[in-house]
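Data first, discussion second: the structure below is written as structure tokens.
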Amino acid sequence: MAHPAYLRQRARELRLTKTFSVDQIAERLALPKTTVYEWVADLPLGRPKRWSVGQRRGTQAMQGKYRRLREQAYEQGWAEYDELVVRPTFRDFVVLYIAEGYKRSRNTASMCNSDSAIVAVGSRWMHELSGHVPAVRVQHHADQDPDDLRSYWGKALGIDPAAVVLVPKSNSGQMRGRSWRCVHGVAEVAVHDTLFRARLQAWMDRVSEAWR
């Protein structure tokens, strides 16, 4: 499938200026790894440079700074939970994230599902509480119509259908004859925001604490 030209440009910028790996770029831009590799294959990372003592100290100081920012964001999330939890569907969002959300990264919040109501709840709260419009990508079967999928998820999430990135499933063929709920594919909504992810962790911990 064709991707907007600005995504290719952004991928190459991340490779050159941030020395991001293919995996990191794919996660940041919500793109297939194979697509990212094709775009940046001519921009190898090269050998890592040896750092001076001053550079190592600077890096350690930077890491300490961002660790403190994450801790502050977590404390903020813990404190604001009592105000947020009285709002309709907020706790639903947190519980859904505990069940369906991606938890392996401290920099990214994402969740996916084939049920548009679940995805819409996640997208709405991510947008409001992070201040970022979530990236949307949809995994689909080979014989599903791209325009129909974009139209469906655009309407379900209240976004421009053109913003929906389609990703063909690599482990399945035709949708024809199948009857389960992924008739519209499986949608993922993602926000790349370390501090929002830290606040979200605090909300999940508050909910989990109430279950014990």
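- Residues V119 and N113 share a closest heavy-atom pair of CG2-O, 3.4 Å.
- At least one donor-acceptor pair closer than 3.5 Å links the side chain of R12 to the backbone N or O of W39.
- With respect to R15 and D42, no salt bridge is recorded, no charged nitrogen being found less than 4.0 Å from a carboxylate O.
- Within the model, atoms NZ of K103 and CD of Q201 stand 9.0 Å from one another, a figure rounded to the nearest 0.5 Å.
- Checking each of V164, V189, V133 against L157 for a side-chain contact (heavy atoms from CB on, under 4.5 Å) leaves exactly one that passes, namely V189.
- In summary, R87 and E128 engage in a salt bridge, as defined by a charged side-chain N under 4.0 Å from a carboxylate O.
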Item checked: Steps toward side chain to side chain contact (heavy atoms under 4.5 Å, CB included) verdict (Q24, K18) -> CA-CA 10 Å; Q24 289 173 316; K18 302 291 186 180; over 6 Å; no
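- Between S110 and E188 the shortest heavy-atom distance is OG-OE2, 3.4 Å.
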Exercise. Yes or no on side chain to side chain contact (heavy atoms under 4.5 Å, CB included) for F20 and V36, after CA distance, side-chain angles and deciding distance?
Worked result: CA-CA 11 Å; F20 276 17; V36 172; over 6 Å; no
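- Side chain of Q144 to backbone of V183: a donor-acceptor contact under 3.5 angstrom is found.
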Between R197 and N107, is the side chain to side chain contact (heavy atoms under 4.5 Å, CB included) condition met? List the steps.
CA-CA 6 Å; R197 179 65 180 82; N107 303 312; over 6 Å; no
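- Shortest non-hydrogen contact noted between S116 and A156 is CB-CB, 3.8 Å.
- Remark: R10 pairs with E13 by the salt bridge (Lys or Arg N to Asp or Glu O under 4.0 Å) rule, at least two apart or across chains.
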Discussion item. Working note: L149 + Y152, criterion side chain to side chain contact (heavy atoms under 4.5 Å, CB included); need CA distance, chi angles, decisive distance, verdict.
Written reply: CA-CA 5 Å; L149 291 172; Y152 176 84; 5.8 Å; no
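- In this structure, A26 and K33 approach most closely via the heavy-atom pair CB-CG, 3.8 Å.
- How far OG1 of T35 is from CG of L7: 10.0 Å, rounded to the nearest 0.5 Å.
- A 4.5 Å side-chain heavy-atom check between L200 and M204 finds at least one atom pair inside the cut-off.
- For the pair R206 and W78, the distance from NZ or CZ to the six-membered ring centre is under 6.0 Å and the angle to the ring normal is within 45 degrees.
- If you take CZ on R70 and CZ on R68, they are separated by 10.5 Å, rounding to the nearest 0.5 Å.
- The minimum heavy-atom distance linking T108 with Y97 is given by the pair O-OH, 4.1 Å.
- Residue W153 comes nearest to H184 through the heavy atom pair NE1-O, 2.6 Å, listed as atom of the first residue, atom of the second, then distance.
- Taking the six-membered ring for Trp and thresholds of 30 and 60 degrees, F93 and W125 have nearly parallel ring planes, at less than 30 degrees apart.
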